[in-house]
Amino acid sequence: MKKYRLSASRPFDLDRTLACGQAFRWECRDGWWQGVAGKKWVRIRQDGDCLRYEGISESFLVHYFGLDLDLNAILASINRDPVIDRAIRQYRGLRILRQDPWECLLSFICAQNAHIPFITRMITALADTFGDPVDAPWGDAHALPDAGVLSALGDGALDSCRLGYRARYILPAARRAAEDPAWTEKIRALPDDTGRQVLMQFPGVGPKVADCIMLFGFSHYRSFPVDVWIRRVMARHYCPGECRDGALGCREYETVRRIAQEHFGPYAGYAQEYLFMASREGLV
DNA sequence: AACCAGGTTCATT
DNA sequence: AATGAACATGGT
């Protein structure tokens, strides 16, 4: 069991960070979060300013949870109006993870038009059915299958995972990733929004999913995924003039995204996460 | 039991 | 360029 001491100037809220719907491979059982990150199992809990964890190195811990970032400075930079201020006061400590891009690709293709518990089911089914077993202390656990594994499957192989129409996207997307194993490094090397355009060439990846992958998988903190919850809060508080009719009026994705990025700046993605929470919990 | 969900794609205007 | 419908599934 290892320990990591959080400094007072770098707030962190493990529970919110793992439960907020950016990652779908974590489960909380008797006070401990357990999950698989990459190929390794992880157990972790937070007691005040102390993180207790096992299964990973400290450097992985710091990188994965983004503990190297000065969150207070980031939140100060996005705190530009009363709405985001309320969300920040409520959720300070929520951080954006640095997940594996392939995991993000799978997760957010599945996430379209689905509730978060359902997304978790789908991702779990993919791992349990096709992923390599991981020797976790709590019992049976699996990593997510690599693109190569999924790309070799035939039509219908995913049926038992109950992915709905998303299954039609997963296999072609896996083939595309498998035929160019360096795709993540290529995107990493690309300038700002070019990587996003490359991601949108994957089947099943539109603007929203691409923004999620850039934000959660490539640490592109300016990305601002616009889902139904964000659309609501943006329509109500940030672009009423641009919106045709009340809550669901913000039609044009690119317009909402541009307004948010201009308003919140280079860490718009952090604002997105805080607004997402606030919108879902009825805070705004 | 309807309604809706971290949307994308395709066919029409 | 912009809108509308189909798409599968299951949580609330």
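Every chain is numbered from 1 and lettered A, B, ... according to where its sequence line falls, protein lines coming before strand lines.
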Nucleotide [N], atom [atom2] - distance to [atom1] of [X] in whole Å:
X	N	atom1	atom2	answer
A:His115	B:dC3	NE2	P	13 Å
A:Asn113	B:dG7	CG	P	6 Å
A:Gln201	B:dT9	CD	C1'	16 Å
A:Ile230	B:dG7	CD1	P	11 Å
A:Gln112	B:dT9	CD	P	8 Å
A:Ile119	C:dT12	CD1	P	12 Å
A:Phe108	B:dA5	CZ	P	16 Å
A:Ile116	C:dT12	CD1	P	11 Å

Can you list the other members of the hydrophobic cluster that holds A:Met1, where links are side-chain heavy atoms under 4.5 angstrom apart?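 Taking Ile, Leu, Val, Met, Phe, Trp and Tyr as members, A:Met1 shares its hydrophobic cluster with A:Trp32.
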
Would you mind telling me which of [options] lies closest to the side-chain atoms of [X]?
X	options	answer
A:Asp227	B:dT8, C:dG11, B:dG7	B:dG7
A:Glu252	C:dA2, B:dG7, C:dT12	C:dA2
A:Pro117	C:dT12, B:dA5, B:dT8	C:dT12

At their closest point, which heavy atom of A:Arg80 faces which heavy atom of A:His263, and how far apart are they?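 Shortest heavy-atom separation between A:Arg80 and A:His263 comes out as NH1-O, 2.8 Å.
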
So what does [X] hit on the nucleic acid, given a heavy-atom distance under 4.0 Å: a base, only sugar-phosphate, or nothing?
X	value
A:Ile109	nothing
A:Gly204	sugar-phosphate
A:Glu254	nothing
A:Ala114	base

Pairwise 5' ranking along DNA chain B for A:Phe118 and A:Gly206, keeping only the more 5' one: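 Nearer the 5' end of the strand: A:Phe118.
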
Quick check on DNA chain B: between A:Phe202 and A:Cys212, whose nearest nucleotide comes earlier from the 5' end?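 The residue closer to the strand's 5' end, by nearest nucleotide, is A:Cys212.
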
State, yes or no, whether a side-chain contact exists between A:Leu67 and A:Arg10 at a heavy-atom distance under 4.5 Å.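 Of all side-chain heavy-atom pairs linking A:Arg10 with A:Leu67, none is under 4.5 Å.
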
Quick one: are A:Arg166 and A:Gln112 in side-chain contact, heavy atoms under 4.5 Å?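 Result yes, sub-4.5 Å side-chain heavy-atom pair found.
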
For A:Tyr238 and A:Phe264: C-alpha separation, side-chain torsions, deciding distance, then whether ring pair (Phe, Tyr, Trp, His ring centres under 6.0 Å) applies. CA-CA 11 Å; A:Tyr238 293 96; A:Phe264 293 114; 5.4 Å; yes

Between A:Phe108 and A:Phe24, does the ring centroid distance fall short of 6.0 Å?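 Yes, close enough.
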
So with a 6.0 Å cut-off around CZ of A:Arg86, is the heavy-atom count from everything else above 12?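 Counting other residues, nucleotides and ligands, CZ of A:Arg86 stays at 12 neighbours or fewer.
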
Quote, to the nearest angstrom, the P distance that separates C:dG10 from B:dT9.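 Straight-line distance between the two P atoms is 23 Å.
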
Suppose you measure atom P in B:dC3 against the same atom in C:dA5; what distance do you get, rounded to whole Å?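 These two P atoms come out 15 Å apart once rounded.
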
Heavy atom of residues 140-176 of chain A under 4.0 Å from DNA chain B: which residues?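 Heavy-atom cutoff 4.0 Å gives A:Tyr165, A:Tyr169.
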
State whether A:Arg280 places a side-chain N or O below 4.0 Å from either non-bridging phosphate oxygen (OP1 or OP2) of C:dT12.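 For C:dT12, OP1/OP2 do not have a side-chain N/O of A:Arg280 under 4.0 Å.
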
Sequence neighbours left out, cut at 3.5 Å: what donor-acceptor pairs do the side chains of residues 149-156 of chain A make with other protein atoms?
residue	atom	partner	partner atom	Å
A:Ser151	OG	A:Ala147	O	3.3
A:Ser151	OG	A:Gly148	O	2.8

